[in-house]
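Inspection log for the structure reproduced underneath, given as structure tokens.
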Amino acid sequence: WLVIAVGLVRAYLAKGSYHSLYYSIEKPLKFFQTGALLEILHCAFGIVPSSVVLTAFQVMSRVFLTWAVTHSVKEVQTEDSVLLFVVAWTITEIIRYSFYTFSLLNHLPYLIKWARYTLFIVLYPMGVSGELLTIYAALPFVRQSGLYSISLPNKYNFSFDYYTFLILVMISYIPIFPQLYFHMLHQRRKVLSHTEEHKKSE
């Protein structure tokens, strides 16, 4: 993710504009975000104590945005909303993996812990906004091209409308996002208040 961050900064400095920076980090984004699928297995096998369901939703939603929307609908790749969620993901993951690394080394700076449980307050809504705006921007192109849609009649007697599916995905954010957001707020109160109490006791 640091590779992606450096790529974004270098492309911005070279172009002098934040528009269409997606192309500068497209390949590493696909590689690293797809590799995050391993995190679901790590949770399932108990290598890390995180929730399998929450991890699976977060990772799969990002993989879906990366491949099924941004990669598949080329027209949205120039949208500023793509940069919005890419920047949010990148900062979030650099902080998160730094948190894990220093925790494993038993030397976790308070600043990283604070950033892990504070910056999501802005980054999470920022990422979700970018994701939703990108899906919304993809809708007319999906409808026009019939992307991934299956029409009747066919030998399987089955139909699928990808346009409708994307709308349902957007609607699913309504109940799911608040749950994840308030879960993180609860974690923040628990972790940071515990840290403050520990500092006072010392």
Linking I/L/V/M/F/W/Y whenever any side-chain heavy atoms sit under 4.5 Å apart, do [X] and [Y] land together?
{"X": "L119", "Y": "L84", "result": "yes"}
{"X": "L104", "Y": "L108", "result": "no"}
{"X": "V87", "Y": "Y97", "result": "yes"}
{"X": "M126", "Y": "L185", "result": "yes"}

If only side-chain N and O atoms count, and only distance matters, is there a donor-acceptor pair under 3.5 Å linking Y22 with T78?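 Looking only at side-chain atoms, Y22 and T78 do not form any donor-acceptor pair under 3.5 Å.
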Query - Distance-only side-chain donor-acceptor flag, S24 / R10, under 3.5 Å - result: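 Looking only at side-chain atoms, R10 and S24 do not form any donor-acceptor pair under 3.5 Å.
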[atom1] of [X]: more than 12 outside heavy atoms within 6.0 angstrom?
{"X": "Y136", "atom1": "OH", "result": "no"}
{"X": "F31", "atom1": "CZ", "result": "no"}
{"X": "F182", "atom1": "CZ", "result": "no"}
{"X": "F64", "atom1": "CZ", "result": "yes"}
{"X": "R143", "atom1": "CZ", "result": "no"}
{"X": "K15", "atom1": "NZ", "result": "yes"}

Do [X] and [Y] make a side-chain contact, defined as non-hydrogen atoms from C-beta onward lying under 4.5 Å apart?
{"X": "I167", "Y": "Y163", "result": "yes"}
{"X": "T118", "Y": "R188", "result": "yes"}
{"X": "S72", "Y": "Y148", "result": "yes"}
{"X": "L83", "Y": "L8", "result": "yes"}

Give me the ring orientation class for [X] and [Y]: parallel if the planes are under 30° apart, tilted from 30 to 60°, perpendicular past 60°.
{"X": "Y162", "Y": "F160", "value": "tilted"}
{"X": "Y117", "Y": "F99", "value": "perpendicular"}
{"X": "W89", "Y": "W1", "value": "perpendicular"}

Item to complete: With L166 as reference, evaluate I135, V73, D161 under the side chain to side chain contact (heavy atoms under 4.5 Å, CB included) test and give the passing residue.
Response: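 It is I135; the other options fail the test.
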Minimum heavy-atom distance between [X] and [Y], given as atom pair plus value:
{"X": "V59", "Y": "Q33", "result": "O-NE2, 4.3 Å"}
{"X": "R116", "Y": "F120", "result": "O-CD2, 4.1 Å"}
{"X": "N157", "Y": "L152", "result": "C-CD2, 3.6 Å"}
{"X": "K74", "Y": "H71", "result": "NZ-O, 3.2 Å"}
{"X": "A138", "Y": "V69", "result": "CB-CG1, 4.1 Å"}
{"X": "S50", "Y": "Y100", "result": "OG-OH, 4.5 Å"}

Would the distance check show the side chain of [X] and the main-chain N or O of [Y] forming a donor-acceptor pair, the cut-off being under 3.5 Å?
{"X": "S61", "Y": "Q58", "answer": "yes"}
{"X": "T70", "Y": "L65", "answer": "yes"}
{"X": "S193", "Y": "K190", "answer": "yes"}

- Task: Would you please indicate yes or no on a ring centroid separation below 6.0 angstrom for F177 and Y181?
- Result: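 Under 6.0 Å, so yes.
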